There are 2 protein chains.
Amino acid sequence: MKYSKKERQKLLQQTIIDNPFVTDEQLASQFKVSVQTIRLDRMELSIPELRERIKDVAAHNFENDVKSLPIDEVIGDIIDIELDERALSIFDVKEEHVFQRNGIARGHHLFAQANSLAVAVIDDDLALTVHSEIHFVKPVRAGDRVISKALVTGKDDSKSRTFIELTSTVENEVVFAGKFEMYRTKGQGGNQ
Amino acid sequence: MKYSKKERQKLLQQTIIDNPFVTDEQLASQFKVSVQTIRLDRMELSIPELRERIKDVAAHNFENDVKSLPIDEVIGDIIDIELDERALSIFDVKEEHVFQRNGIARGHHLFAQANSLAVAVIDDDLALTVHSEIHFVKPVRAGDRVISKALVTGKDDSKSRTFIELTSTVENEVVFAGKFEMYRTKGQGGNQ
DNA sequence: TAAAAAATTAGCACTTGGTACTAACATCAG
DNA sequence: CTGATGTTAGTACCAAGTGCTAATTTTTTA
């Protein structure tokens with residue numbers, strides 16, 4: 001037997017999500033209904049026609065191409081910052097950040113958030129990580145909201161170094177901690 | 001005066017690169033020639049029609065979307081691996097990996113390559129980084145090919161720990177080095 | 001079981017953004 | 001003046017639709 005209308009529409013929706021490049025005609029033969037039925041289904045589900053779908057995918061891509069660099073500069077959203085003092089950022093862990101096999105966040109994402117924050121907190125055009133000692137205290141999972149705090153703990157102006165202590169927490173539990181030694185170009189002999 | 005054919009075609013090409021979503025009609029009115037002329041121009045320049053262009057952009061995007069997860073599991077391509085012994089991976093640094101301002105690779109990408117390799121070299125379903133001490137020895141730039149070597153230096157089976165020493169080089173110069181302490185589920189008392 | 005409602009199919013005119021092709025002009029160089 | 005090059009115009013056609021009306025089939029329900 002064929003699918004019921006509900007089943008068909010559900011499958012239709014998924015099919016189009018999986019492959020937005022499919023035409024009504026292909027869908028019709030796949031589900032063994034007429035093209036008109038497919039079109040009625042699309043209307044009911046508010047699924048746009050092939051060309052619109054493709055345009056959407058393309059537009060998305062085009063947008064991302066332009067934006068990907070600036071957005072990526074800091075991983076996580078900085079929600080508070082006092083240059084050369086402290087900074088705070090939020091990073092929402094999603095499915096794409098975890099290992100498929102065990103659902104635990106890959107370490108480099110936590111490091112990326114921490115490292116980006118360490119770079120951001122420094123009031124200088126050029127800040128680079130020189131050395132870092134880090135601890136992955138507790139596994140983080142998809143859905144977790146990681147809050148990173150960076151605290152500038154010291155400076156060595158003769159060597160152009162800044163020292164930062166960093167803690168990341170999920171619901172007030174420490175999941176990641178690290179010390180960062182950063183290099184900066186300008187000596188910046190103390191602001192204020 | 002209008003543009004010469006050559007000038008027009010050059011501008012046409014750039015216009016379409018900048019915005020692949022433009023129609024022949026829009027181009028015609030922009031260059032103050034007929035739609036037919038635009039079409040002849042496109043033929044001579046082998047520029048496909050609007051829909052094909054959009055489809056290309058979309059297909060590109062789609063491909064990347066699908067691949068991003070599996071590829072991302074390991075940053076860089078593993079070119080050699082002996083489980084629980086050593087591993088080697090290559091990572092080509094591109095524009096998107098560097099800071100816009102100074103062209104230096106963001107630290108977390110080097111860490112990601114290193115960390116992923118440390119995870120990969122362990123012969124276990126579940127490997128997690130517990131602790132790591134890392135040095136960013138020399139700045140890395142776009143175009144550089146980073147080769148990471150991971151060497152298993154020790155184990156503490158009672159604590160389910162594996163110790164790894166990692167070195168990343170660009171043209172035989174060390175750019176990044178680190179020690180990783182990894183956690184694994186299975187004790188794995190030494191494979192042959 | 002027959003009538004009503006829901007679902008499906010069919011057909012036609014029309015739309016966009018083109019291709020393919022033919023034919024008519026325009027402009028300029030030799 | 002003639003020929004080459006460039007430009008414009010017009011026609012038929014295509015894919016992948018929308019919008020609309022109407023007919024047919026299936027299902028529900030009174």
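So you know, we letter chains A, B, ... as the sequences are listed, proteins then strands, and number each from 1. Because the structure is a prediction, the values reported are computed rather than measured.
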Among [options], which nucleotide has an atom closest to any side-chain atom of [X]?
X     : options               : answer
B:L40 : D:dG19, C:dG17, D:dT8 : D:dT8
B:K5  : C:dG17, D:dA16, D:dT7 : D:dT7
A:R39 : C:dT19, D:dG17, C:dT8 : D:dG17

Between [N] ([atom2]) and [X] ([atom1]): distance, integer Å:
X     : N      : atom1 : atom2 : result
B:I54 : C:dT16 : CD1   : P     : 15 Å
A:E44 : C:dT8  : CD    : C1'   : 11 Å
B:D41 : D:dT7  : CG    : C1'   : 10 Å
B:I38 : D:dT8  : CD1   : C1'   : 12 Å
B:E7  : D:dG6  : CD    : P     : 14 Å
B:D24 : C:dT19 : CG    : P     : 6 Å
B:K55 : C:dG17 : NZ    : P     : 15 Å
B:E52 : D:dA15 : CD    : P     : 13 Å

Is the phosphate of [N] approached by [X] (side-chain N or O, under 4.0 Å from OP1 or OP2)?
X     : N      : value
A:S34 : C:dT8  : no
B:T37 : D:dT8  : yes
A:R8  : C:dT8  : yes
B:R42 : C:dT19 : yes

Q: Applying side-chain contact (heavy atoms from CB on, under 4.5 Å) between B:S148 and each of B:T169, B:L166, B:V175, report the one that passes.
A: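 That would be B:L166; it is the only one of B:T169, B:L166, B:V175 passing the side-chain contact (heavy atoms from CB on, under 4.5 Å) with B:S148.
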**Q.** Salt-bridge present (A:E7, A:K10; N to O < 4.0 Å)
**A.**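 So A:E7 does not pair with A:K10 through a salt bridge.
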Q. Are A:L11 and A:I38 linked, directly or through other ILVMFWY residues, by side chains that come within less than 4.5 angstrom of each other?
A.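 Both belong to a single hydrophobic cluster.
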**Q.** Cluster link A:V170 to A:V137, ILVMFWY, side chain under 4.5 Å
**A.**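 No, separate clusters.
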Q: Treat primed atoms plus P, OP1 and OP2 as sugar-phosphate and everything else as base, then score nucleotides 25-30 of chain C 5' to 3': B for base contact with protein heavy atoms under 4.0 Å, S for sugar-phosphate contact only, - for none.
A: ------
(Q) Has A:T37 got a side-chain atom pairing as donor or acceptor with A:V33's backbone, closer than 3.5 angstrom? (A)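 Between the backbone of A:V33 and the side chain of A:T37 there is no qualifying donor-acceptor contact (under 3.5 Å).
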(Q) Return whichever of B:E49 or B:Q36 has its heavy-atom-nearest nucleotide of DNA chain C closer to the 5' end. (A)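 The 5'-side residue here is B:E49.
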Q: Answer with yes or no after comparing the ring centroid distance for B:H97 and B:F91 against a 6.0 Å cut-off, counting only values under it.
A: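 Yes, the ring of B:H97 comes within the 6.0 Å limit of the ring of B:F91, centre to centre.
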Q) Does a donor on one side chain and an acceptor on the other come within less than 3.5 Å for B:S132 and A:E133? A)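 Side-chain D/A pair, B:S132 to A:E133: absent.
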Q. Quick one: does B:R51 reach the base of D:dA15 with a side-chain donor-acceptor pair under 3.5 Å?
A.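 Answer no: no donor N or O sits under 3.5 Å from an acceptor.
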